[in-house]
Amino acid sequence: ILQGTPKERRFQSKLAKTLLYIGVPMGLQFSITAIGSIMLQSANNALGTACVAAFTSAMRIKMFFICTFESLGIAMATYSGQNYGAGKWQRMRKGTGVSILMGILVTVTISTLLLMHGYGVFSLFSQNAEVIELGIRIAQVTFPFYFIYVFLEGFSGALRGTGKTMGPMAVILVNMCGIRMLSLWFLMRHYHSAEGVAGIYPITWITTAVCLGVMYWRQNKKRKLEIG
């Protein structure tokens with residue numbers, strides 16, 4: 001049975017600072033993603049009630065993917081932190097690759113099944129033919145690209161596990177808010193439709209995954225130089 005000593009129970013400002021440095025950016029990352037979704041929702045509201053209902057249905061179906069992504073990211077942060085602390089860098093890299101591969105397999109399977117049975121899935125949320133049709137069109141734009149989000153969460157989790165939390169948070173802030181706003185402005189001017197709004201999701205997933213991938217690659221390269 002673990003029993004803490006009186007000294008260990010005291011408030012330790014240095015430890016608290018470290019925990020806040022790691023924990024706050026991780027928490028803000030989820031808030032930033034939510035803010036980005038609110039921006040798209042505001043554009044979606046201007047397309048009519050049928051489009052709003054279709055996007056609401058798509059966002060509920062999205063939870064099939066989100067549960068996989070967030071679990072993957074949290075698992076990678078824990079796994080990377082343990083191996084990073086133990087100095088097992090190669091094992092951490094291998095685990096990152098395996099987790100991303102597993103996530104892609106799960107995501108592709110879910111995407112394929114949902115696209116194959118799109119009408120039946122969306123009819124669970126609405127019996128309106130227009131809403132179902134719009135929902136299927138939104139799914140055709142977003143579902144095939146959900147596997148990209150696996151890279152986003154995998155790289156982000158691996159970086160957070162090594163204590164690099166500010167970098168991933170900044171990348172997600174710039175892409176999920178900044179790039180998303182620019183994409184929204186452009187697409188709404190040229191593609192004022194449900195597909196135009198939906199297309200912003202894969203665009204920002206790609207840019208975020210690329211930025212995080214570069215950060216992860218640079219960290220690995222730096223580690224190789226340190227090892228020699």
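Since the model is a prediction, treat every value here as computed from it, not as a measurement.
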### Task
Decide side chain to side chain contact (heavy atoms under 4.5 Å, CB included) for Phe125 and Thr56; before the verdict, give the C-alpha distance in whole Å, the side-chain angles of both, and the deciding distance to 0.1 Å.
CA-CA 9 Å; Phe125 301 96; Thr56 301; over 6 Å; no
### Query
When you look at Leu114 and Tyr146, which way does the side chain to side chain contact (heavy atoms under 4.5 Å, CB included) test go after all the steps?
CA-CA 12 Å; Leu114 290 175; Tyr146 266 115; over 6 Å; no
### Task
With side chain to side chain contact (heavy atoms under 4.5 Å, CB included) as the test, would you mind laying out the steps for Trp205 and Phe151 before giving the verdict?
CA-CA 9 Å; Trp205 295 340; Phe151 290 94; over 6 Å; no
### Message
Assess the residue pair Lys62 and Phe69 against the criterion (side chain to side chain contact (heavy atoms under 4.5 Å, CB included)); give the C-alpha distance rounded to whole Å, side-chain angles, the decisive distance to 0.1 Å, and a yes or no.
### Response
CA-CA 11 Å; Lys62 178 184 175 183; Phe69 301 149; over 6 Å; no
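Linking Ile, Leu, Val, Met, Phe, Trp and Tyr whenever their side-chain heavy atoms come within less than 4.5 Å leaves Ile148 and Met102 in two separate clusters. Val141 is not connected to Leu115 by any chain of hydrophobic side-chain contacts under 4.5 Å among Ile, Leu, Val, Met, Phe, Trp and Tyr, and they are in different clusters. Taken together through direct or relayed side-chain contacts under 4.5 Å among Ile, Leu, Val, Met, Phe, Trp and Tyr, Met92 and Trp217 form parts of separate hydrophobic clusters. Under the 4.5 Å side-chain heavy-atom criterion for Ile, Leu, Val, Met, Phe, Trp and Tyr, Leu152 and Ile104 are members of the same hydrophobic cluster.
Contact between Ala77 and Arg160 at its shortest, heavy atoms only, is CB-NH2, 4.3 Å. Closest approach of Cys211 to Asn175, counting heavy atoms only: SG-ND2, 3.9 Å.
Among pairs with a residue in residues 160-179, none fulfils ring-ring contact (aromatic ring centres under 6.0 Å, His included), at least two apart in sequence or across chains. Sequence neighbours left out, the pairs with a member in residues 129-144 that pass side-chain hydrogen bond (donor to acceptor under 3.5 Å, both in side chains) are Arg137-Glu195. For the side-chain hydrogen bond (donor to acceptor under 3.5 Å, both in side chains) condition, the pairs that include at least one residue of residues 96-114, sequence neighbours left out, are Thr96-Tyr216. Applying the salt bridge (Lys or Arg N to Asp or Glu O under 4.0 Å) test to pairs two or more places apart or on separate chains, none has a residue in residues 41-59.
Remark: Arg60 engages no residue in a side chain to side chain donor-acceptor pair (under 3.5 Å) (not counting sequence neighbours). Considering only residues two or more places apart in sequence or on other chains, Tyr119 meets the ring-ring contact (aromatic ring centres under 6.0 Å, His included) condition with none of them.
Taken to the nearest 0.5 Å, the CD1 atom of Ile110 stands 11.0 Å off from the CG atom of Leu105. In this structure, the separation between CD on Gln219 and CH2 on Trp89 is 4.0 Å, given to the nearest 0.5 Å. To the nearest 0.5 Å, atom CZ of residue Arg91 and atom CG of residue Asn83 are 4.5 Å apart.
The main-chain N or O of Ala53 is found under 3.5 Å from a side-chain atom of Ser57 such that the two form a donor-acceptor pair.
Other residues, nucleotides and ligands contribute more than 12 heavy atoms inside 6.0 Å of the CE atom of Met59.
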